[in-house]
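Only this structure's heavy atoms are used, side chains among them; waters, hydrogens and symmetry mates stay out. Convention: sequence-line order gives letters A, B, ...; per-chain numbering from 1.
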2 protein chains.
Amino acid sequence: MAEVTLRDVARLSGCSVATVSRVLAGSRPVGAETARRVRAAVDSLGYRPNHVARALRSRSTGTIGLVLPQITNPFYPTLVRELTRALHTHDRAVILADCDDDPMTEAARIDALLARQVDALLVVPVDEKRSVAAVTAAAARVPLVLLDRGCGPGVADSVVVDNAAGIQLVLDHLAAAGRRRPCFVGAAGTASAAVERRAAYESGVGALDPRAPGRVELGEFSVEWGRAAVDRVRAHRPDAIVCANDLIAIGALQRLRQLGVDVPGEIAVTGFDDIPMASLTDPGVTTVRQPVAELAAEAARLLDRRLAGEKAGPSRTVRLGPELIVRGSSTTDCTGPADAASGADAAWDRKPAKNPVS
Amino acid sequence: MAEVTLRDVARLSGCSVATVSRVLAGSRPVGAETARRVRAAVDSLGYRPNHVARALRSRSTGTIGLVLPQITNPFYPTLVRELTRALHTHDRAVILADCDDDPMTEAARIDALLARQVDALLVVPVDEKRSVAAVTAAAARVPLVLLDRGCGPGVADSVVVDNAAGIQLVLDHLAAAGRRRPCFVGAAGTASAAVERRAAYESGVGALDPRAPGRVELGEFSVEWGRAAVDRVRAHRPDAIVCANDLIAIGALQRLRQLGVDVPGEIAVTGFDDIPMASLTDPGVTTVRQPVAELAAEAARLLDRRLAGEKAGPSRTVRLGPELIVRGSSTTDCTGPADAASGADAAWDRKPAKNPVS
DNA sequence: AAGTTCTCGGAGAACGATTTCCCAGATCGT
DNA sequence: ACGATCTGGGAAATCGTTCTCCGAGAACTT
């Protein structure tokens, strides 16, 4: 029904399509009286501009492709929300693509988005190494911002959290609590989060116990692995288990409880990311919170800058500082998950703020 | 760079753009030799069709708008994954819109998607009543399928889970386990899930205890409310708390643990949805699993049918049967969350199946 | 053998906006 | 008062496809 075009508006207001376009886009001054007539015609007809036609002519679709490794990873929903929010204020739409954690699929999705003429891409790369080809190729065609995970140096703009600083926060916290025999349960593979967090642990753990560097076990970012890892480190009688993310920490916590180990009395457990679930276990997981809203805002800003012309310039990297969230899994100063202070920070645990950081 | 158009291909292969279009789209038979030349030219030039131009001409963008109440609700990520997967096989892209659980925002997002000429809409309405205006208006312009929640009768095609059957499964389970004094903790408001689950409880609870209908408390779908609700029902000394969704159940579980109540010994707790977290608490939450993959597949099918012409026809509703997942919160036959059988079903707890239901 | 269908290919009109020219009249400068 | 600039507006090209005509020749039909 609503097949109202510029021509219709032009006809009704008694002027040409060019003029109508001009008053709507404000691309050139138009006489006051004419503008009035045009505007009257516009909302008398209920005219809605056709984005597709506009896109064809102006070579800009106003859409951004968002490529995620796996939307079901509990860390991403919040990121998606913040990103859509940030981009929507600039009248951009987000086309979502899920990669099933597979670099092949990722490459295919990126290609599909490019074929759809997205104006830019936001990519959380699946793998630090195996994603690099597809990403660099894409970056050559449209502005591209890497998010949360890196993907080789200088490939594209990127905004990431400072993993090393986060792990350091954890180590400092454990040291202050008197823990001396930590171990690390991380993820194998070349994903940047896995690599950076492990490296940071290895370089910082010496402060706790200069002689025994603490065992390091590598698996994957899953609850299952967290459970399994506990059995592999118990023989070393650690007094703290530093996990590379919250899923691992949650798994570890489960297994420890099952074994009847006192947490945090006998062993402290820490995670990374601060996914909603981390505040709901018992005890709550001490973890490193990623500044998701800032991550999103910064990515949007970088994107805007590139879209506003700034084609050249070397790729910038914004590194954001994380925050330590102390909960019951590492200290008894803090009560269980039902504690108001720690229990209330799950995003969906209360009405969302209408005007967040922005 | 890749500004290769049909014209270029036509020029190189020595024929007209019409012919090239035909061989690419297969819209009409083309001579074998000509087709060969065209194809050679196509991949010698690396031609990629321009979706925008195609969309303008054919009045179909190949994009579907997906409107969600709140992506951070842990029930949706899986749904999003299945939907994108299902739609991608038909070469459709998904534009995501988050509503912040607000009907106004929802209306605005729907409008924006319509302006972008999405081919169809998938909507999980925010509110059974206050979403109806925007949804009906949208349904008049494009095919629209309601998902997971209803939105008034006959407004559009919809695919939902049978909430009543789900609650009945729970009640049967509790009855079989000998529970006789249940109570219900649900959500106020007119969201269809809230209404239907509450109604089903009220109509089915008589079988447990014909004299005392069991107390009903209404709040919202949140962990916080689950915690609070426990304090409001404890005076009635229930032996089972039937919660309207998993978040509430998790909250209840936390509070009960904090109070030192034995679950499931003294009180059983049940949820609804089977979000990933439900299998990770201790004890695991007995809950009703929504058949998310089927939900998505069915929605995709409905959409395809409408997009394939079938404009007329009354709106159909597909109602899918849920499945009871028994975990430790309602029976001692089932061990804790670390139990392999109950702990392994979180979607992101293992590598995703490459070829699921389909 | 003439008429009829069939097949393959080209020319060109849409699709609905933006944008570049170009022109008429008003305003300005000297 | 006359040329130069400025201003508001229209005609038409353009973006890259798809699709409708149209026509020329080959293949049938009778």
### Query
Do A:Arg57 and D:dT14 share a donor-acceptor pair, side chain to base, under 3.5 Å?
yes

### Spacing between B:Arg28 atom CZ and C:dG10 atom C1', to the nearest angstrom
10 Å

### Query
Out of D:dG16, C:dG10, C:dA17, which nucleotide sits closest to the side chain of B:Asn50?
D:dG16

### Task
State, yes or no, whether a side-chain contact exists between B:Arg301 and B:Val159 at a heavy-atom distance under 4.5 Å.
no

### Summary
When rounded to whole Å, the CD to C1' distance for the pair A:Glu3 and C:dG16 reads 11 Å

### Message
Main chain of B:Glu128, side chain of B:Ser131: is a donor-acceptor contact present, judged purely on distance under 3.5 Å?
### Response
no

### Query
So what is the end-to-end bend of the helix from C:dA1-D:dT30 to C:dT30-D:dA1, with 5 pairs used at each end and the value given to 10 degrees?
40°

### Summary
Value for OG1 (A:Thr84) from CZ (B:Arg109), rounded to nearest 0.5 Å, stands at 7.5 Å

#### Entry: Interatomic distance where CZ belongs to B:Arg48 and C1' belongs to D:dC15 [whole Å]
19 Å

### Task
Could you tell me the separation between the CG atom of A:Leu56 and the C1' atom of D:dT14, rounded to a whole number of Å?
9 Å

### Query
With a 4.5 Å limit on heavy-atom distance, are the side chains of B:Asp304 and B:Arg92 in contact?
yes

### Query
Distance-only, no hydrogens or angles: does the B:Asp157 side chain make a donor-acceptor pair with backbone N or O of B:Arg316 under 3.5 Å?
yes

### Query
Backbone N or O of B:Cys99 within a donor-acceptor pair of the B:Asp102 side chain at under 3.5 Å?
no

### Query
So which one's nearest nucleotide on DNA chain C is more toward 5', B:Cys15 or A:Arg54?
B:Cys15

### Query
With side chains defined as the heavy atoms from C-beta onward, is the minimum distance between B:Asp100 and A:Arg81 less than 4.5 Å?
yes

### Task
Please determine if a side-chain N or O atom of A:Ser16 lies less than 4.0 Å away from the OP1 or OP2 oxygen of D:dG10.
yes

### Task
Mind checking B:Arg59 for me? I need base, sugar-phosphate or nothing, with any heavy atom below 4.0 Å counting as a touch.
sugar-phosphate

### Check: B:Ile71 main-chain N/O paired with B:Asp98 side-chain donor or acceptor under 3.5 Å
yes

### Task
Using atom NE2 of A:His51 as one end and atom C1' of C:dC15 as the other, report the distance to the nearest whole Å.
16 Å

### Query
Whole Å only: how far is the CG atom of A:Leu6 from the P atom of C:dT18?
6 Å

## Note on the structure
Between CZ of A:Arg7 and P of C:dC15 the distance, given in whole Å, is 8 Å

### Task
Using atom CD of A:Gln117 as one end and atom C1' of D:dT17 as the other, report the distance to the nearest whole Å.
11 Å

### Query
Backbone N or O of A:Gln117 within a donor-acceptor pair of the A:Thr61 side chain at under 3.5 Å?
yes

### Task
Using a cut-off of strictly less than 4.0 Å between a heavy atom of the residue and any atom of DNA chain D, enumerate the qualifying residues of residues 17-25 of chain B by number.
B:Ala18, B:Ser21, B:Arg22

### Query
When you measure from the side chain of A:Thr5, which nucleotide among C:dG10, C:dG16, D:dG8 comes out closest?
C:dG16

